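Single-structure report; data block below.
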Amino acid sequence: MSDPAFKSDFLRVLRDRGYIHQVTHPAELDEAASSGIVTAYIGFDATAPSLHVGSLIQIMMLRRLQQSGHKPIVLMGGGTTKIGDPTDKDQSRPLLTEAQIQANIASIKTVFAKFLRFGDGPTDAIMVDNDSWLSTYGYVEFLREFGVHFTINRMLAFDSVKTRLEREQPMTFLEFNYMLMQSVDFLELERRFGCVLQMGGSDQWGNIVNGVELIRRVEQKPAFGLTTPLLSTASGQKMGKTVGGAVWLNADMRSPYDYWQFWRNTEDADVGRFMRLFTDLPLDDIARLEALEGAQINEAKKVLANAATTLLHGEDAARAAEAAAVAAFEQGQVSGDLPSFEVPRGVLEAGVVLAALAADAGLAASRGEARRLAQGGGLRVNDTVETDGNRTLNASDLVDGVIKLSAGKKKIVLVRPV
RNA sequence: GGGGGAAUGUCCCGAGUGGCAAAGGGGGCGGACUGUAAAUCCGCUGGCGUCAGCCUUCGUAGGUUCGAGUCCUACUUCCCCCA
């Protein structure tokens with residue numbers, strides 16, 4: 001797989017930027033990608049109204065595909081979402097209604113539009129929902145048409161299945177069938193759009209390979225699979241979890257400022273890797289930036305944060321986020337771009353308990369937590385540490401019309417009377 | 001169908017002789033040190049509180065008891081073995 005002689009721009013870019021974990025038929029795929037337009041797809045879940053950073057590597061890979069002259073298909077798992085994700089052990093998860101799923105898909109599409117060009121052209125991206133075919137099959141029909149191509153013997157040999165059985169963990173029949181459904185997705189996309197490549201995370205390898213083989217067997221046509229490495233930070237943390245929970249991509253679920261902060265707080269050892277994966281910066285620039293040492297690497301982190309935020313939220317939002325961050329962290333100043341929380345003026349003048357205000361403003365989950373935070377020295381009012389959570393704040397605490405509340409170094413809220 | 005085992009702090013794993021707001025981890029949050037990094041060390045980690053206390057928690061529902069996560073009964077879900 002570390003074949004250095006890729007001819008196609010597509011595979012060369014993917015390899016150089018670190019997207020490739022495994023590929024099914026590298027030479028053949030390379031040939032196809034260098035001689036014509038390759039149509040490829042990645043499947044996404046529709047269980048939430050937004051994707052989060054964990055999916056970003058996949059989204060970026062579709063972007064690279066389009067950038068190098070090929071056609072991306074975004075497959076929304078509307079049909080499979082109806083069943084619920086079986087790899088999640090929590091079986092009590094409520095099933096989503098048709099309307100919720102459609103709303104989620106619409107919301108998610110707004111994010112894709114930032115990274116991909118959609119349209120009717122030969123290399124324009126399209127989005128399809130697997131519900132449009134999965135829901136049309138009857139059970140018998142499904143078995144007869146597709147079931148005959150899968151042997152239990154082979155399915156049992158796949159790692160995803162094998163390890164489950166070896167660990168004596170239960171695997172339901174439903175789960176077992178996911179492999180088939182995903183393979184059928186690939187086949188349908190091949191028939192409808194001439195899609196020949198499925199990409200995904202390394203955990204999808206088994207499912208992808210099955211689809212590849214199904215197409216090769218049924219259609220007697222070439223098909224390929226490619227997976228990305230599992231992403232974690234250099235210190236072993238799962239990618240995408242930070243102060244404030246999941247890093248959602250939709251702006252209404254995660255502000256551009258927070259998104260910028262997420263990238264700004266990248267570990268030193270990850271800066272280069274992330275720039276290659278999550279920005280369009282040229283490799284030369286990245287090599288220079290990631291070579292910075294000591295505190296200088298912070299400059300590289302800002303470049304990373306700006307580039308990543310610009311892709312998702314636009315240049316203006318990225319610049320505003322940077323300005324707010326510089327003001328808050330480097331100059332200790334208050335900036336209007338920091339998150340704010342509004343309090344009725346009358347309430348403030350009557351006096352508000354600090355712990356209650358901090359909890360309401362979202363700095364702590366409860367008053368008790370806010371109190372503990374204060375006791376531990378983590379709560380500040382206008383940059384002064386306040387250890388008494390029961391202290392009452394009123395209008396006299398306003399500085400320039402706001403009260404600046406901070407929990408730790410990175411969570412800041414401006415309380416505004418209205 | 002028969003037999004055995006399990007369900008614990010609503011993030012996860014996990015101990016728990018009838019006195020338990022419940023050991024210990026992980027994770028998370030905060031502090032120190034730094035560079036808004038990593039590593040390390042320290043603290044916190046059910047809710048409300050006028051800090052005395054009150055309230056709510058151990059699958060569900062009952063029961064025994066002054067007192068139940070702990071004992072009894074039924075039920076639910078899951079796992080294993082036999083058929």
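Throughout, protein chains are lettered first and strands after them, A, B, ... in sequence-line order, and every chain is numbered starting at 1. These figures come from a predicted structure and were not determined experimentally.
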Taking for A/Asn298 and for A/Gly376 the nucleotide of RNA chain B with the nearest heavy atom, the one nearer the 5' end belongs to A/Gly376
Over 60° means perpendicular and under 30° means parallel, so tell me whether A/Phe278 and A/Trp263 are parallel, tilted or perpendicular.
tilted
Quick one: is B/G28 close enough that its OP1 or OP2 comes under 4.0 Å of any side-chain N or O from A/Lys411?
no
Cation over ring face, A/Arg217 and A/Phe150, 6.0 Å, 45°:
no
Any pair counted as ring pair (Phe, Tyr, Trp, His ring centres under 6.0 Å), so long as it reaches residues 282-303 of chain A, sequence neighbours left out:
none
Taking B/C29, B/G35, B/G31 as options, the one with an atom nearest any side-chain atom of A/Lys301 is B/G35
With sequence neighbours excluded, what pairs up with A/Thr279 under the side-chain hydrogen bond (donor to acceptor under 3.5 Å, both in side chains) test?
none
Applying the Watson-Crick and G-U wobble criteria at under 3.5 Å, what pairs with B/C71? Answer none if nothing qualifies.
B/G63
Measuring only the P atom in each nucleotide, how far is B/A7 from B/U17? A whole number of Å is fine.
12 Å
Identity of whatever pairs with B/U34 - Watson-Crick or G-U, under 3.5 angstrom
none
At under 4.0 Å between heavy atoms, how does the protein contact nucleotides 44-52 of chain B? Give one character per nucleotide, 5' to 3', with B, S or -.
SS-SSBSB-
Tell me, please, which residues at least two apart from A/Arg372 pass side-chain contact (heavy atoms from CB on, under 4.5 Å).
A/Glu369
Considering Watson-Crick and G-U wobble pairs with both distances under 3.5 Å, what does B/U76 pair with?
B/A7
Determine the contact category for A/Leu379: base if any of its heavy atoms lies under 4.0 Å from a base atom, sugar-phosphate if only primed atoms, P, OP1 or OP2 are that close, otherwise nothing.
nothing
How would you list, by chain and number, every residue that makes a side-chain hydrogen bond (donor to acceptor under 3.5 Å, both in side chains) with A/Ser50, sequence neighbours excluded?
A/Asn250
For A/Gly377 and for A/Arg264, locate the closest nucleotide of RNA chain B by heavy-atom distance; then report the residue assigned to the nucleotide nearer the 5' terminus.
A/Gly377
Separation of the C1' atoms in B/G63 and B/G30, to the nearest angstrom:
46 Å
Could you please name the partner base of B/G49, counting Watson-Crick and G-U wobble pairs only when both distances are under 3.5 Å?
none
Nearest-Å distance, CD (A/Gln261) to P (B/A37)?
10 Å
I need the CD1-C1' distance between A/Ile297 and B/U34, as an integer number of Å.
15 Å
Sticking with atom C1', work out how far B/A61 lies from B/U77, rounded to a whole angstrom.
15 Å
Measuring only the C1' atom in each nucleotide, how far is B/G14 from B/A22? A whole number of Å is fine.
13 Å
Provide the distance between the two C1' atoms, one in B/G16 and one in B/C33, to the nearest whole Å.
38 Å
Spacing of the P atoms in B/C41 and B/U8 (rounded, Å):
31 Å
Glycosidic conformation of B/C20, syn or anti, with 90° from 0 as the boundary?
syn
Residue pairs involving residues 359-393 of chain A (criterion ring pair (Phe, Tyr, Trp, His ring centres under 6.0 Å); sequence neighbours excluded):
none
Please tell me if the side chains of A/His25 and A/Asp30 come closer than 4.5 Å, counting only heavy atoms from C-beta onward.
no
Can you tell me the base-pairing partner of B/A21? Count Watson-Crick or G-U wobble geometry only, both distances below 3.5 Å, and say none if there is no partner.
none
Check the distance between B/A37's C1' and A/Glu267's CD and give it to me in whole angstrom.
7 Å
Considering only atom C1', compute the distance from B/U57 to B/G46 and round it to an integer number of Å.
7 Å
Please name the nucleotide paired to B/G43 by Watson-Crick or G-U wobble geometry with both distances under 3.5 Å, or report none.
B/C29
How long is the line joining NZ of A/Lys409 and C1' of B/G35, in whole Å?
10 Å
Is any side-chain heavy atom of A/Gln198 less than 4.5 Å from a side-chain heavy atom of A/Leu189?
no
A/Leu292 atom CG is separated from B/A37 atom P, nearest whole Å, by 17 Å
Nucleic acid contacts of residues 280-290 of chain A, taken as heavy-atom distances under 4.0 Å to RNA chain B:
none
Please enumerate all residues that pass side-chain hydrogen bond (donor to acceptor under 3.5 Å, both in side chains) together with A/Glu188, with sequence neighbours excluded.
A/Tyr137, A/Arg192
Expressed as a whole number of angstroms, how long is the span from A/Arg380:CZ to B/G30:P?
10 Å
Just call it for A/Gln296: base, sugar-phosphate, or nothing, with non-hydrogen atoms closer than 4.0 Å on any strand.
nothing
B/G47 and B/U64, which share atom name P, separated by this distance in whole Å:
34 Å
Any pair counted as salt bridge (charged side-chain N to carboxylate O under 4.0 Å, His left out), so long as it reaches residues 291-316 of chain A, sequence neighbours left out
A/Asp268-A/Lys301, A/Glu299-A/Lys302, A/Lys302-A/Glu330, A/Glu315-A/Arg319
Calculate the interatomic distance between A/Lys302 atom NZ and B/U36 atom P; express it in whole Å.
9 Å
Under a plain distance cut-off of 3.5 Å, with no hydrogens placed, do A/Asn394 and A/Ser396 share a side-chain donor-acceptor pair?
yes
